[in-house]
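Written below as structure tokens is the structure these notes are about.
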Amino acid sequence: MFLNGNRSDFSADIVPLEMNERIISMEQDHYPDPPLDVNAGHESLKVEDDVDFVLAYVDNGNSSQAMKRRMFEKCLLDQGLKLENELNGHLGFVKIYATEEVLCRYSEIMKLRMPIKQLPDEPVIEESDMFDDAKSWFTKLFSFAQLDPSKFPPTEYQLAAEYSRDKDYLFDTKDKNFFPAHIRVMIIDFILERESEGIQHLCGSGVYCAAYPLHDGTTKQKGSARALLYEEWGATSKWLKVQPLNAIREYFGISFAMYFAWLGFYTYMLIPASIAGLLFFFYGLLTMTSNHLAQDACGTWAKDTIMCPLCDKTCDYWRLNETCQLTRLTHLFDNPAMVYYAAFMSVWSVLYLELWKRRAAALSYQWGMVGWDRTSEHSRPQYLSTLANAKIIKVKEKVNPITKEKEPHVSFWKVRVPATFISFSVVILLISVALAAVFAVVLYRMASITTISIFGRELDSANYKIITLPAIAAGMNLACILVLNYIYDWLAVYLTEMELWRTQAEFDDSLTLKIYLFQFINYYASIFYVAFLKGKFVGYPKKYNKIMGYRQEECAPGGCLMELSIQLAIIMVGKQAVYTVMEMVLPILYKYWALIRIHTGIKQKDPIVPRSPWIRDLKLLDWSPRGLYDEYLEMVIQFGFITLFVVAFPLAPFFALANNVFEMRLDATKFLRHYRRPVPRRATDIGIWGQILDGLARISVITNGFIIAFSSTFIPRLVYMSSVQPNGTDIGFLNHSLAVFATKDFAEGAAPLNSIFDNVTTCRYTEYRNPPHLDDDLSYKRPSIYWHILAARLAFVVIFQNIVGLVTMAVQWCLSGVPRKLRDQIKREAFLTEELIIKREAERARNKLNSGDDKVDDGYHNLRERRNLQSSSERYVE
């Protein structure tokens with residue numbers, strides 16, 4: 001690490017308000033901790049380069065906290081860690097360094113795959129050459145965006161095996177680079193979480209105020225890894241360059257690198273989707289003037305056509321030509337090309353997911369995660385702490401079938417099932433609250449249509465009711481979404497803790513499922529309403545279907561597709577804008593607010609000069625325990641927008657692409673400059689998020705099929721052209737889609753009270769119903785054309801879903817599984833490692849025999865190791 005630079009970048013660092021209150025604004029009279037000789041029996045730390053982890057605390061004279069610190073640090077010494085205390089006034093630091101013995105011992109406990117020594121006869125393989133076959137076609141296409149090899153040189157690929165001290169001859173532990181920084185930090189964090197009460201609990205109770213690994217220098221310190229990543233990865237000017245994933249993995253860990261690899265892959269895959277969306281949009285733009293539906297809505301006939309009121313009593317009749325501009329704009333999305341675009345996006349989503357699985361398999365192998373199972377992790381410290389302090393819950397010990405170790409265990413039926421039932425009952429209740437918020441916005445729109453006439457004729461127009469009012473309602477819905485998100489998030493964590501999940505993987509999956517179920521309803525409920533419910537069950541002027549005394553909203557002549565596009569654009573683009581501001585602006589505001597308070601004398605200045613890296617990093621923002629969850633959630637919600645409803649807003653992939661190009665760089669800047677260095681975590685892929693994405697891709701085929709069939713005019717126009725219009729065109733379709741109503745048949749109190757129109761005997765409304773003046777049994781009933789259209793809509797959904805489903809199944813069949821060359825490489829690595837073990841074990845046996853030792857290794861351990869390597873590689877390949 002580069003920690004001994006003299007130049008500090010304090011002006012660019014963040015000063016968290018809460019931390020400053022605890023560090024700076026402290027009482028002057030205090031009693032320092034009794035000194036603990038943490039270096040007894042160990043070599044003292046003399047250089048900053050040796051520090052792997054730091055614990056910070058405030059010495060406020062609390063003897064109980066001081067005692068807990070001494071006990072905890074004694075446990076760390078017993079584990080073999082080196083410690084050094086530093087006290088600066090009231091602020092103390094415990095600097096931690098992991099010795100080689102500790103690293104070797106815990107590498108074996110944590111089952112880490114470490115590089116083995118290079119075989120003499122094995123040629124050197126560079127990672128760039130080895131994994132070139134695993135890269136997707138679009139990575140090669142953008143060769144001009146490759147990284148500068150002088151700054152990110154290709155590294156030699158080394159065979160890896162699960163570390164074992166019995167096989168220490170395989171590993172060069174004396175090499176100073178054998179245990180990189182992210183491995184050292186991960187091991188120390190593993191120890192800290194499992195000693196005494198656990199570091200997270202101690203920080204929560206105020207014994208320590210922070211626990212964090214150190215950044216590698218500052219963002220301006222030349223030669224440091226942090227500065228290199230900040231300049232080459234975090235700079236927005238480098239948006240065309242590919243990401244240095246290996247450098248990210250070395251600095252932040254595999255879980256971070258996997259997230260950014262997925263985000264970069266997703267962003268590249270948005271390029272063909274964006275091009276297709278733009279082509280679809282421009283096709284609608286170029287054919288707008290030749291649209292017969294718009295020509296009818298803007299012609300003389302439409303000017304003379306009187307439409308029925310949009311609400312009872314206060315709403316007046318209106319002319320059809322008021323929807324002229326709306327009908328023109330609707331053609332941008334409601335045109336014959338939408339079917340092909342929907343099919344393309346459905347296949348694209350499956351293609352993207354299958355290519356990502358192959359890419360993730362290559363990265364997982366490249367980063368030494370072959371054979372690692374998330375479910376075989378050690379128990380969560382929070383889980384063990386909860387069971388240790390449980391008074392009501394009956395805790396037993398049970399042998400873990402995976403680790404073969406005794407662990408605390410609670411009854412599945414008596415504890416887990418009731419807790420899960422209560423947890424998901426609360427989730428369902430909160431989902432109902434989200435649906436109630438959407439229903440409240442719908443009621444507001446219904447009531448607004450009824451009452452806007454009191455503001456004057458300028459607000460009583462069809463454009464205001466069909467365009468402006470939905471836009472206002474969509475903004476209100478976005479505000480409700482953001483507020484409910486904050487209320488729900490903290491409660492979801494509490495509910496998941498109550499379920500007592502043993503491993504971190506199980507905990508994360510359960511938490512992800514809860515929050516995403518809520519987010520799905522919260523973000524998409526209003527869109528589903530506009531797409532599938534609005535205007536479908538309105539009734540007709542003689543007998544409207546009302547909700548709480550209000551008439552339901554009606555779609556404009558030509559359908560609700562334009563309103564659906566407005567809703568999507570506001571929620572999707574608005575959400576991205578709000579989240580970008582919150583992620584990037586809030587940390588800066590916190591920083592300047594703290595500086596203002598210091599310079600105006602509101603708060604005492606920090607007496608400690610932030611020259612030491614541990615002090616400088618302490619002033620950065622703390623990393624959330626949920627890690628990258630919020631980042632994943634934001635992108636998965638975006639993926640839902642561009643798949644579930646893409647035919648209604650074909651520009652969604654383009655906006656997502658523009659957002660993600662800068663999202664990668666802004667996230668990189670945020671993590672490198674404003675936050676402490678996170679503790680690295682292991683990952684083989686993106687976890688449960690992959691299953692959610694797969695589910696969204698499957699649902700999108702259904703939703704897009706139903707939007708085309710029921711929310712657009714595509715199917716009614718096809719039926720009209722094939723069975724009604726002799727010349728096979730859609731001329732006159734608008735007139736055909738409007739039913740006739742006799743004003744004398746209005747229900748009592750429904751007719752306009754003060755109409756500016758004279759002698760209106762009939763009006764038109766968007767429905768397929770028989771005209772009046774027929775037999776009483778047939779008047780206003782459904783004509784046969786309505787049932788023909790309904791049958792055609794249902795048939796289209798079935799045909800569309802089956803055709804797209806067959807194509808996507810073919811894509812999955814062709815691309816499923818690990819790439820062939822990667823499979824071969826996995827088997828070759830297992831073979832070479834096996835051969836090396838056989839050779840070294842044979843040498844050891846000969847040496848023992850030559851030395852006269854009668855306890856010669858009979859090869860049992862060798863055979864077992866061969867079987868383990870073979871079964872591990874075969875399981876991964878399968």
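We use all heavy atoms of the structure for the numbers below, so side chains are in, but hydrogens, waters and symmetry mates are not.
- Paired with W348 under the rule side-chain contact (heavy atoms from CB on, under 4.5 Å), one option of T808, I642, V811 passes, and it is I642.
- Looking at K241 and E232, no side-chain N of the basic residue comes within less than 4.0 Å of a carboxylate O on the acidic one, giving no salt bridge.
- Because its NZ or CZ atom is both nearer than 6.0 Å to the ring centre of Y212 and within 45° of the ring axis, R676 counts as a cation-pi partner of that residue.
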### Message
Apply side chain to side chain donor-acceptor pair (under 3.5 Å) to residues Y230 and R673 and explain how you reach the verdict.
### Response
CA-CA 8 Å; Y230 185 75; R673 181 168 182 171; 3.0 Å; yes
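- Residues F641 and Y524 place their aromatic rings such that the two centres sit under 6.0 Å apart.
- A salt bridge links D52 to R184: one of the charged nitrogens lies within less than 4.0 Å of a carboxylate oxygen.
- With 3.5 Å as the limit, one finds a donor-acceptor pair spanning the side chains of N660 and Q638.
- The shortest side-chain heavy-atom distance between P213 and V679 falls under the 4.5 Å cut-off.
- Using cut-offs of 30° and 60° for the angle between ring planes, the F260 and F671 rings count as perpendicular.
- Q567 is not listed as a side-chain neighbour of F645, based on a closest heavy-atom distance of 4.5 Å or more.
- Stacking of R677 on the aromatic ring of F252 is not recorded, the 6.0 Å distance cut-off and the 45° axial limit not both being met.
- Put simply, the side chain of T512 does not reach to within 4.5 Å of the side chain of I515, judged on heavy atoms.
- Applying the side chain to side chain donor-acceptor pair (under 3.5 Å) criterion to Y283, with sequence neighbours excluded, gives no partner residue.
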### Task
Applying side-chain contact (heavy atoms from CB on, under 4.5 Å), run through I699 and T643 and close with a yes or a no.
CA-CA 9 Å; I699 297 173; T643 53; over 6 Å; no
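- The shortest non-hydrogen separation linking V661 to R665 is O-CG, 3.6 Å.
- For Y632, the ring pair (Phe, Tyr, Trp, His ring centres under 6.0 Å) partners two or more places apart in sequence, or in a different chain, are Y259, W262, W689.
- Contact of the W233 side chain with the T669 side chain is not registered, since no non-hydrogen atoms from C-beta on lie closer than 4.5 Å.
- A 4.5 Å side-chain heavy-atom check between L564 and I707 finds at least one atom pair inside the cut-off.
- Between I187 and L112 there is a side-chain heavy-atom pair separated by less than 4.5 Å.
- Taking the charged nitrogens against the carboxylate oxygens, E354 and R359 have no contact shorter than 4.0 Å, which rules out a salt bridge.
- No side-chain heavy atom of N704 sits less than 4.5 Å from a side-chain heavy atom of M345.
- Shown here for S346 and V804, the closest heavy-atom pair between the two residues is CB-CG1, 3.4 Å.
- The minimum heavy-atom distance linking F333 with S565 is given by the pair CD1-OG, 3.2 Å.
- Minimum heavy-atom separation, F649 to A569: CZ-CB, 3.8 Å.
- M186 approaches R682 most closely through the heavy-atom pair SD-CG, 3.9 Å.
- Under the 4.0 Å criterion applied to side-chain N and carboxylate O atoms, E631 and K670 are assigned as salt-bridge partners.
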